[in-house]
4 protein chains.
Amino acid sequence: MSKGDETRQFIIERAAPIFNTKGIAATAMSDIMEATKLSKGSTYVHFEDKNELVLEVVDHNMQLLGSKISSAIGKANTAKEKLFAYIDVLRTPTHPPVAGGCPMLNFGMEADDRNEPVKQKVHQAVKVSQKIIADIIRNGIESGEFKPTWDYDEFATIMFAMIEGGQLICRVAGNNSKMSVISNVLHRMIDEQGI
Amino acid sequence: MSKGDETRQFIIERAAPIFNTKGIAATAMSDIMEATKLSKGSTYVHFEDKNELVLEVVDHNMQLLGSKISSAIGKANTAKEKLFAYIDVLRTPTHPPVAGGCPMLNFGMEADDRNEPVKQKVHQAVKVSQKIIADIIRNGIESGEFKPTWDYDEFATIMFAMIEGGQLICRVAGNNSKMSVISNVLHRMIDEQGI
Amino acid sequence: MSKGDETRQFIIERAAPIFNTKGIAATAMSDIMEATKLSKGSTYVHFEDKNELVLEVVDHNMQLLGSKISSAIGKANTAKEKLFAYIDVLRTPTHPPVAGGCPMLNFGMEADDRNEPVKQKVHQAVKVSQKIIADIIRNGIESGEFKPTWDYDEFATIMFAMIEGGQLICRVAGNNSKMSVISNVLHRMIDEQGI
Amino acid sequence: MSKGDETRQFIIERAAPIFNTKGIAATAMSDIMEATKLSKGSTYVHFEDKNELVLEVVDHNMQLLGSKISSAIGKANTAKEKLFAYIDVLRTPTHPPVAGGCPMLNFGMEADDRNEPVKQKVHQAVKVSQKIIADIIRNGIESGEFKPTWDYDEFATIMFAMIEGGQLICRVAGNNSKMSVISNVLHRMIDEQGI
DNA sequence: TATGAATGAGCCTTCATTCAT
DNA sequence: TATGAATGAAGGCTCATTCAT
């Protein structure tokens with residue numbers, strides 16, 4: 001990686017939690033400059049404008065969340081354990097795996113009406129998230145862990161939705177109790193499909 | 001209602017969809033001025049500052065959503081129908097009952113890290129929403145419509161979470177297909193608890 | 001006095017210490033409204049604009065100071081005691097006879113370059129102040145208290161100047177010690193002219 | 001001096017007479033912008049806010065006055081001549097050595113009740129001014145020019161007070177005649193202490 | 001490539017004043 | 001006479017971005 005790319009990456013990493021916490025509109029380029037201790041001109045050497053940085057930051061946050069989930073799933077052995085691991089990563093919205101909370105929710109809600117490129121990135125991530133869940137189940141069915149009748153696409157959607165809804169509930173509540181409820185229900189639903 | 005109160009209410013009503021669509025930080029007081037055709041100074045006759053307007057706007061959007069839901073529930077006769085009606089109101093996130101989408105999601109995600117008063121308002125609305133669902137079920141149990149073993153608080157939480165998660169999915173997707181999936185699952189779960 | 005005149009006078013009295021303390025430019029009409037608990041329109045019934053109120057306020061503050069001085073002088077019996085009384089009224093700039101400090105200094109310094117009418121009012125008050133001192137001395141000479149050779153106009157000027165300069169020194173110092181020095185010197189100079 | 005420091009200094013120099021003439025509250029940042037022909041944003045590159053500029057401007061005006069006095073004193077050979085030179089610099093308040101008039105009087109009167117930092121700066125300058133006078137006399141006593149019995153601290157205070165009071169009188173009068181009177185008295189008092 | 005000075009549009013808010021009621 | 005809603009210019013300040021060095 002060249003010096004330039006390193007700096008660019010450095011900026012993205014410092015900017016990522018700020019944008020995810022404060023929001024896109026409320027984050028000023030000067031916030032990024034302060035966080036990176038870089039000069040004004042320097043930042044604009046690496047990014048054409050704020051929007052270009054935002055797009056990279058959205059990607060970065062999404063990948064960070066993805067890697068946390070992948071890592072947790074990777075450590076699990078069975079399909080069921082993988083699903084449990086997925087849920088577990090997102091079980092404490094007040095102490096989220098990605099600083100600022102779920103980037104799909106944060107950027108999705110800010111971008112849905114006004115920022116098509118960001119919206120598309122979130123859309124993609126949302127689809128991938130559901131696919132990851134569905135794939136785990138499909139593999140579980142193939143390996144004889146789960147009933148072959150399980151509608152994995154449907155479950156992926158409701159599991160994903162429940163978890164995201166749980167993020168909202170818990171973050172505004174300031175505690176994670178409702179996420180436990182959701183986690184319990186999901187565990188039960190998954191257990192029911194075990195063979 | 002005095003002239004002043006009328007104007008104040010008028011401003012809130014015009015500002016509500018703008019804040020819910022663009023977000024708090026991205027909405028300028030000049031946007032409100034333009035939407036109301038009032039002078040800039042005039043807005044400040046009725047509101048101390050932007051924040052006071054925002055708080056009223058958050059309330060307004062929440063009440064608007066609440067009234068749409070209440071109205072739909074009111075038209076239904078049985079508990080089951082009431083639950084279906086609730087879901088139905090929120091079945092088309094791309095054409096939401098409140099312009100800009102679910103205000104709990106919009107304001108909750110923008111406020112969770114940086115705006116305690118708004119966060120508290122959303123928290124309250126989230127609690128009330130779950131209570132409405134739980135109360136319908138409790139009444140349904142009392143009237144013999146639903147099994148007395150149904151954990152209504154748990155269901156209220158997961159139904160609410162699923163619907164909110166569904167809003168995210170559909171709004172970034174630009175279509176409501178996943179909300180249909182969620183709606184179907186919820187219908188099935190509700191039917192299972194019928195007697 | 002009619003109701004209208006009473007209200008007008010009431011506004012002037014409430015506004016006087018505010019303008020003398022904060023300054024003309026820094027005092028907003030809303031400050032006056034708040035202090036009088038009167039409505040916006042009501043204030044403008046009694047005064048064409050801010051400037052008209054300012055002129056009345058300047059007069060009022062000047063008269064207030066004048067009356068404090070007159071009253072103190074009136075209680076003294078001899079010319080020497082009258083001079084001492086004059087000095088005494090102005091001996092504690094941190095606790096001035098007129099709230100906000102000497103209005104000649106306050107309004108004079110703010111108005112000298114930009115507000116001809118106020119400047120003229122201060123100019124008049126400055127002249128009157130010196131005349132009062134000179135007149136006391138002249139009477140004292142006539143009554144045989146002071147040496148007839150005393151240049152009373154000259155002394156009136158330096159006594160007035162010393163006192164005003166003392167106000168500056170003490171108000172920025174936050175204590176009145178230098179005013180004591182000035183008072184002592186003036187006492188000595190006056191005593192020297194006694195017969 | 002870097003480009004930035006040069007511009008900063010340039011802004012201070014252009015702003016100094018404006019603030020000293022119009023007053024702090026009555027001077028708008030746009031006045032400074034106009035006087036410097038710089039953009040509004042540019043001013044804020046060099047100063048955090050108006051207040052930071054004001055503090056520099058107060059210092060600048062005070063130093064300007066100080067240098068005029070020092071220069072005049074420096075050209076004089078004897079202590080007596082130095083005192084006369086000091087008085088001479090301030091003898092024409094309508095054509096003051098610092099545009100807008102004595103900054104101690106201008107800023108002191110505006111700041112005494114509402115701007116502690118500025119008040120402190122003026123307080124300091126007032127103390128230094130008296131010290132300069134006292135030091136000249138002390139040196140004059142040591143060199144045998146003045147009587148060793150002269151209370152130089154006392155005289156420094158009344159000379160300073162008289163001159164400042166004279167500024168007030170002359171600026172509102174629009175002519176410097178009273179300052180001549182004051183100057184004459186001071187000359188006489190100084191002469192009396194000569195050996 | 002890196003710096004930071006410079007820009008000017010735009011933001012929130014305040015102000016003196018007017019006017020319909 | 002009194003009220004307070006309405007006005008729009010102006011105020012202090014921030015922002016994303018550009019550009020000379």
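Note that the structure is a prediction, hence the values are computed from the model and not measured.
Applying the side-chain hydrogen bond (donor to acceptor under 3.5 Å, both in side chains) criterion to D/Asn115, with sequence neighbours excluded, gives no partner residue. Scanning for side-chain hydrogen bond (donor to acceptor under 3.5 Å, both in side chains) contacts around A/Asp112 gives B/Arg171, with sequence neighbours left out. For D/Gln120, the side-chain contact (heavy atoms from CB on, under 4.5 Å) partners are D/Glu116, D/His123, not counting sequence neighbours. Listed by chain and number, the residues in a side-chain hydrogen bond (donor to acceptor under 3.5 Å, both in side chains) with A/Arg14 amount to none (sequence neighbours excluded). For B/Glu34, there are no side-chain hydrogen bond (donor to acceptor under 3.5 Å, both in side chains) partners at least two apart in sequence or on another chain. Shown here are the side-chain contact (heavy atoms from CB on, under 4.5 Å) partners of C/Ala125, two or more places apart in sequence or in another chain: C/Met62, C/Met104. Under the rule for a side-chain contact (heavy atoms from CB on, under 4.5 Å), the partners of B/Ala15 that lie at least two apart in sequence or sit in another chain are B/Phe19, B/Ile32, B/Leu53, B/Val57.
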task = Any chance you could encode DNA chain E as dot-bracket? Rule is Watson-Crick or G-U wobble with both distances under 3.5 Å; [ ] for pairs crossing earlier ones, | for another strand.
result = .||||||||||||||||||||
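A distance of 9.0 Å separates CD of C/Gln63 from CD1 of C/Ile12, quoted to the nearest 0.5 Å. From C/Phe107, atom CZ reaches atom NZ of C/Lys121 across 11.5 Å, with rounding to the nearest 0.5 Å.
Atom CG in A/Leu53 sits roughly 15 Å away from atom P in F/dC15 (whole-Å rounding). Atom P of nucleotide F/dT17 and atom CD of A/Glu52 are separated by 11 Å, given to the nearest angstrom. As a whole-Å value, the separation of D/Ile32 CD1 from F/dC13 C1' is 15 Å. Remark: P of E/dC11 and CD1 of B/Ile24 are 17 Å apart, rounded to the nearest angstrom. Atoms CE (A/Met29) and P (F/dC15) sit 12 Å apart, rounded to a whole Å. Straight-line distance from the CZ atom of B/Phe47 to the C1' atom of E/dT14: 18 Å, rounded to whole Å. A straight line from CE of B/Met33 to P of E/dC11 spans 11 Å, rounded to a whole angstrom.
Near DNA chain F, meaning a heavy atom under 4.0 Å from it, residues 12-22 of chain C has no residue at all.
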message = Treating primed atoms plus P, OP1 and OP2 as sugar-phosphate and everything else as base, which nucleotides of nucleotides 1-7 of chain E get B, S or - for protein heavy atoms under 4.0 Å?
response = -SBBBBB
Show every donor-acceptor pair shorter than 3.5 Å between a side-chain atom in residues 23-31 of chain D and any protein atom, with sequence neighbours excluded, or say none if there are none.
| from | atom 1 | to | atom 2 | distance (Å) |
| --- | --- | --- | --- | --- |
| D/Thr27 | OG1 | D/Gly23 | O | 2.6 |
| D/Asp31 | OD2 | D/Lys22 | NZ | 3.0 |
| D/Asp31 | OD2 | D/Ala28 | N | 2.9 |

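Legend: side chain to side chain donor-acceptor pair (under 3.5 Å) pairs involving residues 41-55 of chain C, not counting sequence neighbours, sorted by first then second residue: C/Arg8-C/Glu52.
Both D/Thr27 and A/Tyr44 sit near DNA chain F, but only D/Thr27 has its closest nucleotide nearer the 5' end. Across the interface with DNA chain E, nearest-nucleotide mapping of B/Lys50 and C/Asp49 shows B/Lys50 to be the residue nearer the 5′ end.
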